[in-house]
Amino acid sequence: MLNQADFATKNLPTWCPGCGDFGIFAALKMALVELGLGPKEAVFVFGIGCHGNMFNAFRAINFEGLHGRPLPVASGIKMANHKLPVFAVSGDGDALGEGGNHFIHACRRNHDITYLIHDNQVYGLTTGQTSPTSPKGFKSKSNPDGSIDYPLNPLTLALSAGASFVARGYAGDIPHLSNLIVKAYQHKGFSVLDILQPCVTFNHINTYQTYRQTIYKIEDSYVPNDKIRAFEKATEWERTGKVPLGVFYEENKNTYEDDIEQIKTIPLALQSNNPTKTEELMAEFA
Ligand code: SF4
Ligand code: MG
């Protein structure tokens with residue numbers, strides 16, 4: 001029977017003690033066990049950043065892309081074999097800075113990919129610079145007097161760009177986060193899960209202590225099928241200081257792969273390469 005130890009390698013993560021990435025890694029393995037997805041049954045594409053350190057300690061089919069580029073790679077894998085479960089994993093800088101353009105277009109294309117964003121509101125791997133989600137006034141090596149930029153809201157960006165599943169989790173609540181990963185995976189379409197991840201070394205504003213006072217789980221009575229209501233929920237943090245966790249929005253619509261006639265029934269990777277047809281095709285252009 002599948003268990004979390006099945007995902008272990010001989011390497012341990014080298015995150016700082018107390019880093020929120022430990023919680024995300026634990027929640028991910030818990031979710032995979034619950035889903036019955038073994039190390040050879042799904043593909044994980046990482047970007048560059050502290051989150052990518054998971055790659056070394058995670059026995060799975062892994063690919064580490066360039067900074068900000070996990071989504072193009074994940075989309076390519078999905079196009080080649082859309083029956084294969086595909087996860088993409090990024091940090092906030094990776095997803096919304098270097099990869100911001102890819103993020104918008106993956107949302108609107110609605111590839112069936114589960115996207116986990118380790119959102120610690122700072123560039124941690126490069127030793128602490130302001131990122132697209134850093135709060136205004138955030139002091140870092142790149143803005144010693146405090147950032148004058150307004151932060152980007154990953155949830156409202158995902159909603160407006162057309163993502164069909166939008167949720168927020170917290171690295172400090174592993175069972176709840178694991179449950180959100182399961183839901184994000186089970187959704188057919190592009191699932192964005194923004195995960196609040198304390199960076200104990202470089203983010204002294206949003207810490208375990210502050211989150212303990214500000215986060216709450218979205219009420220059971222909330223039905224995530226209304227985009228206007230989802231925008232309202234997704235802007236609550238900036239309007240009230242309260243930080244809702246859970247599923248903000250879910251919509252069933254065709255995925256990108258559903259709408260490509262040539263692959264929608266048989267994935268490209270499983271189609272036979274008929275040389276006769278290839279020759280006929282080439283002859284047409286001769
Ligand atoms: Fe985690 Fe921050 Fe350390 Fe990176 S720098 S490993 S995000 S605590
Ligand atoms: Mg970061």
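As the structure is a computational prediction, the values presented were derived from the model and not from experiment. Start at 1 and go down the list; that is how both ligands and their atoms are numbered. The basis for the numbers below is simple: all heavy atoms, side chains too, and nothing from hydrogens, waters or symmetry mates.
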Task: Steps toward ring pair (Phe, Tyr, Trp, His ring centres under 6.0 Å) verdict (Y256, H111) - done: CA-CA 5 Å; Y256 193 71; H111 292 288; 4.8 Å; yes

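Less than 4.0 angstrom separates some heavy atom of F202 from each of these atoms of ligand 1: 5 (S).
Of all protein atoms, those that are N, O or S and lie under 2.8 Å from atom 1 (Fe) of ligand 1 total 1.
Relative orientation of the H187 and F165 rings is tilted, given thresholds of 30° and 60° on the angle between their planes. Ring geometry for Y115 versus F103: interplanar angle of 30 to 60°, hence tilted.
Ion pair D94/R69 not flagged as a salt bridge, since none of the NZ, NE, NH1 or NH2 atoms sits closer than 4.0 Å to an Asp/Glu carboxylate oxygen.
In summary, of the residues considered (D119, N120, N153, N206), a side-chain hydrogen bond (donor to acceptor under 3.5 Å, both in side chains) with T133 occurs for D119 alone. Tested against D258, the residues K188, K253, K264 include a single salt bridge (Lys or Arg N to Asp or Glu O under 4.0 Å) partner, K188.
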